[in-house]
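A short worksheet on the structure shown next.
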Number of protein chains: 2
Amino acid sequence: MRARVQVFLKPGVLDVQGKAIEGALHGLGFPGVDHVRVGKTIEFDLAGSDAAAAEDEVKAMCERLLANTVIESYRVEVA
Amino acid sequence: MRARVQVFLKPGVLDVQGKAIEGALHGLGFPGVDHVRVGKTIEFDLAGSDAAAAEDEVKAMCERLLANTVIESYRVEVA
């Protein structure tokens, strides 16, 4: 199975990388860009065929390693 | 409109961050993980209401700033 995890900073946390990209895009002539947020995407193959069990396993990986849940939130997709 | 850009290293390019995560997950007791790839996700609001024009604009942003097209590929979603 293929799992995809998206990790973003929580809404209240200042996203300096997003702010830098926003400024750079404005400077390059894209003034309509606003509220830029930058996150990580982690994709991997996962052994097994039970989608519900796989999702639980991926959530455990997020809690233990992939996301810093103090400042980051995550979304899990398993397909 | 909300745009989402996903930037990944191209298939032939060694993903050291992915390798590190793979090793760490194996060490934490998740042996079924394989082929880990790590990418960036950039989400932002975009002025305008024409989806096709917005997608072209976002692709131009990718070519000029968001992706290094020598080693990275990107996917654009506009909604």
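Values in this document were obtained by computation on a predicted structure and should not be read as measured data. What you see below is based on every heavy atom in this structure, not just the backbone, and it leaves out hydrogens, waters and symmetry mates. Residue numbering restarts at 1 for every chain, and letters A, B, ... go by the order of the sequence lines.
In the hydrophobic clustering of this structure, B:Val78 groups with A:Ile21; members are Ile, Leu, Val, Met, Phe, Trp, Tyr whose side-chain heavy atoms approach within less than 4.5 Å, directly or through other members. A single hydrophobic cluster is not seen to contain both B:Phe8 and A:Phe44; linkage of ILVMFWY side chains at heavy-atom distances under 4.5 Å, directly or through other members, places them apart. In the hydrophobic cluster analysis, where Ile, Leu, Val, Met, Phe, Trp and Tyr join through side-chain heavy atoms closer than 4.5 angstrom, B:Phe30 is grouped together with A:Val58.
Rounding to the nearest 0.5 angstrom, the gap separating the CD atom in B:Gln6 from the OG1 atom in A:Thr41 is 4.5 Å.
For the set B:Gly48, B:Ala47, B:Gly39, the entry with the most heavy-atom pairs within less than 4.5 Å of chain A is B:Gly39. For the set A:Val7, A:Ile42, A:Asp15, A:Leu28, the count of heavy-atom pairs under 4.5 angstrom toward chain B peaks at A:Leu28. Of the listed residues (B:Leu66, B:Leu25, B:Asp34), the greatest number of heavy-atom pairs within a distance under 4.5 Å of chain A belongs to B:Asp34. Chosen from A:Arg64, A:Met61, A:Lys40, A:Glu57, the residue pairing most often with chain B at heavy-atom distances under 4.5 Å is A:Met61.
Here A:Ile71 sits in one hydrophobic cluster together with A:Leu9, A:Val13, A:Val70; the rule is ILVMFWY side chains under 4.5 Å apart, joined directly or through other members.
For B:Ala3, no part sits under 4.5 Å from any heavy atom of chain A, backbone or side chain. Neither the backbone nor the side chain of A:Ala54 comes within contact range of chain B; no heavy atom of the residue lies under 4.5 Å from a heavy atom of that chain.
Heavy-atom neighbours of A:Glu43 CD from other residues, nucleotides or ligands within 6.0 Å: above the threshold of 12. Atom CD of B:Gln17 has 12 or fewer heavy atoms from other residues, nucleotides or ligands within 6.0 Å. In A:Lys19, the NZ atom is not crowded: 12 or fewer heavy atoms of neighbouring residues, nucleotides or ligands sit closer than 6.0 Å.
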Evaluate A:His35 against B:Arg2 for side chain to side chain contact (heavy atoms under 4.5 Å, CB included), listing each step before the verdict. CA-CA 10 Å; A:His35 299 118; B:Arg2 191 78 181 159; 4.1 Å; yes
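Using a 4.5 Å cut-off on side-chain heavy atoms (C-beta onward), A:Val33 and B:Leu46 make contact.
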